[in-house]
Amino acid sequence: MPEPLTTGELLALDRQHVWHPYGPMPGRQDPLVVESAAGVRLRLAEPVEGHTELIDGMASWWSAVHGYNHPVLNEAARAQLDRMSHVMFGGLTHEPAVRLAARLVEITPEPLQHVFLADSGSVSVEVAVKMCRQYWRSVGRPAKQRLLTWRGGYHGDTWQPMSVCDPEGGMHHLWSGTLPRQIFADAPPSGFDAEPDEAYARHLRELIARHADELAAVIVEPVVQGAGGMRFHSPDCLRVLREACDEHDVLLVLDEIATGFGRTGTLFAAEHAGISPDVMCLGKALTGGYLTMAATLCTSRVADGISRGEVPVLAHGPTFMANPLAAAVSLASVDLLLSHDWQGEVKRIEAGLREGLAPAGELPAVRDVRVLGAIGVVQLDHEADMAAATRAAAREGVWVRPFRDLLYTMPPYITGDEDLARIGAAVCAAAAAG
Ligand SMILES: *Cc1c(COP(=O)(O)O)cnc(C)c1O
């Protein structure tokens with residue numbers, strides 16, 4: 001083993017050589033150095049604001065639903081490690097992948113029958129788009145190649161996903177000319193409990209009808225738009241999309257990478273609307289936050305269509321497709337989730353966040369406070385001061401990281417009531433400071 005780096009050395013090398021998400025090079029703000037994590041706590045190399053442990057209010061971006069260092073997931077990883085961590089998936093198969101795929105088919109809406117296991121959420125969206133385009137080509141309607149989405153969305157950072165991210169938040173102006181040009185509807189009206197909006201429904205229907213001949217698919221995040229702005233909408237909007245897609249022969253892709261596995265209060269957000277997509281993307285919490293893996297599920301109609309085409313195969317096959325280690329942990333994570341009352345836990349967190357975030361509503365610079373399932377959002381009337389907000393939260397012993405005008409939290413489902421109260425207090429403090 002090499003000598004461990006001092007924190008100073010580590011940060012100097014980090015700043016000089018290592019890209020961070022949406023970061024400049026060299027880095028301008030020192031990240032916190034995490035040495036280990038267990039339960040809902042991140043253990044830091046050096047204290048910040050007097051704390052060497054921070055309660056993780058972010059669940060590592062939606063993914064660590066069971067918390068860190070979970071004995072069941074550790075054991076699944078260890079057992080698989082002793083068999084093999086990876087083997088190519090071309091011409092070979094293995095139990096973790098097969099069992100995981102079968103489990104996903106079992107727990108997702110019934111028409112979804114076939115699973116493509118990819119190595120990140122963005123890639124699963126690429127695969128979804130490729131499936132839809134190839135489907136229409138294969139069934140003799142090659143003009144149907146474009147995508148429609150609504151504004152305010154986020155689907156990942158590779159090119160096809162980027163083309164359906166919110167045009168402003170996704171900085172489309174940087175890429176004009178190179179980014180595929182998709183069709184954008186207005187953002188869905190805000191509020192999970194919003195009354196059905198007839199004018200908005202008409203807008204969606206008209207846009208889909210008008211572009212039906214060139215549309216391969218509509219792609220949206222159901223119920224919660226995550227990294228595009230943490231906005232909630234009525235499940236009614238999804239029913240409108242489903243109907244219009246059926247009427248005009250357009251496929252519907254639901255990106256459940258953030259919303260899947262219970263986060264919004266149902267196992268999948270599509271269940272709020274009682275609809276089923278033609279293609280569904282899963283990721284983030286799929287592995288319980290342990291490893292990178294994502295899945296694209298599709299119906300038999302889509303799979304059969306592709307298989308009848310001139311090129312009767314789905315032309316995609318990443319090197320680490322169906323990675324056994326990630327698949328074994330995913331299977332353990334899904335089974336762990338289903339083995340206890342996750343719905344009760346998410347309800348408990350929802351109630352805790354409602355109570356804990358309510359005081360933020362009294363702050364003059366707060367525009368909105370919203371909670372759905374295990375997701376809490378405080379929206380400011382200005383861009384948050386990242387450094388001041390994270391520092392204020394750290395003072396309360398909590399890790400949260402704002403983006404744009406948003407302070408938000410989606411804690412691990414195992415977060416206890418006391419820790420939840422601290423997360424609430426920390427988000428309020430961050431809102432006041434940022
Ligand atoms: C995070 C996210 C993605 C991208 O997933 P990566 O694993 O980061 O590539 C796509 N869609 C949604 C809704 C997401 O939240």
Side-chain angles (χ1 to χ4, degrees), residues 19-23 58-65 108 116-132 147 149-167 169-171 182 187-188 217-233 237-238 241 252-264 266-270 272 277 279-297 316 318-323 326-327 329-330 333 372-375 377 401 403-404 406 408-410:
W19 292 109
H20 283 264
Y22 296 87
M58 307 298 287
S60 283
W61 278 333
W62 315 81
S63 64
V65 290
T108 51
F116 188 102
L117 294 170
D119 37 1
S120 79
S122 300
V123 172
S124 77
V125 174
E126 297 278 0
V127 170
V129 171
K130 193 183 267 190
M131 277 178 180
C132 295
L147 305 172
T149 186
W150 48 36
R151 287 174 184 269
Y154 177 78
H155 297 281
D157 293 338
T158 58
W159 291 95
Q160 293 298 338
M162 232 185 1
S163 77
V164 281
C165 288
D166 183 74
M171 296 184 270
Q182 315 296 9
V218 169
I219 174 167
V220 296
E221 296 154 279
V223 176
V224 177
Q225 292 180 298
M230 301 297 290
R231 294 169 80 251
F232 309 152
H233 56 259
C237 299
L238 302 168
L241 288 180
L252 179 62
V253 180
L254 291 184
D255 178 349
E256 294 243 17
I257 291 169
T259 53
F261 303 103
R263 185 56 73 175
T264 70
T266 50
L267 197 53
F268 300 101
H272 289 292
V279 177
M280 180 188 259
C281 297
L282 298 174
K284 292 204 161 100
L286 172 63
T287 64
Y290 266 52
L291 288 147
T292 176
M293 175 166 269
T296 312
L297 287 86
H316 213 96
T319 306
F320 289 99
M321 184 166 179
N323 174 255
V329 175
S330 296
S333 175
L372 180 69
I375 308 167
V377 183
R401 181 174 165 86
F403 83 103
R404 301 209 304 250
L406 300 164
Y408 64 110
T409 175
M410 49 285 194

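Counting convention: from 1, in listed order, for ligands and their atoms alike.
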Near [X], which atoms of ligand 1 are under 4.0 Å from a heavy atom of that residue?
| X | result |
| --- | --- |
| G156 | 4 (C), 10 (C) |
| S120 | 7 (O), 9 (O) |
| E221 | 13 (C) |
| H155 | 10 (C), 11 (N) |
| K284 | 1 (C), 2 (C), 3 (C), 14 (C), 15 (O) |

- [ ] Identify which of S122, G226, A118, S63 has a heavy atom lying nearest to atom 9 (O) of ligand 1.
- [x] S122

- [ ] Mark yes when over 12 heavy atoms from residues, nucleotides or ligands other than R404 sit less than 6.0 Å from its CZ; otherwise mark no.
- [x]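 Result for CZ/R404: enclosed.
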
Task: Side chain proximity check, S63 to Y290, heavy atoms < 4.5 angstrom - done: no

TODO: Not counting sequence neighbours, which residues clear ring pair (Phe, Tyr, Trp, His ring centres under 6.0 Å) with H316? List them please.
DONE: F116

TODO: May I ask you to identify the nearest protein heavy atom to atom 11 (N) of ligand 1, giving residue, atom name and distance to one decimal place in Å?
DONE: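 Going by distance alone, atom 11 (N) of ligand 1 is nearest to D255 OD2, 2.6 Å.
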
Task: side chain to side chain donor-acceptor pair (under 3.5 Å) involving E221 - partner list, sequence neighbours excluded - done: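 So E221 forms no side chain to side chain donor-acceptor pair (under 3.5 Å) with any residue.
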
Task: Distance-only N or O hit between ligand 1 and G121, under 3.5 Å - done: yes

Open item on the list: Test of understanding: given a 4.0 Å heavy-atom threshold, classify the contact between Y154 and ligand 1 as side chain, backbone, both, or neither.
Closed with: both

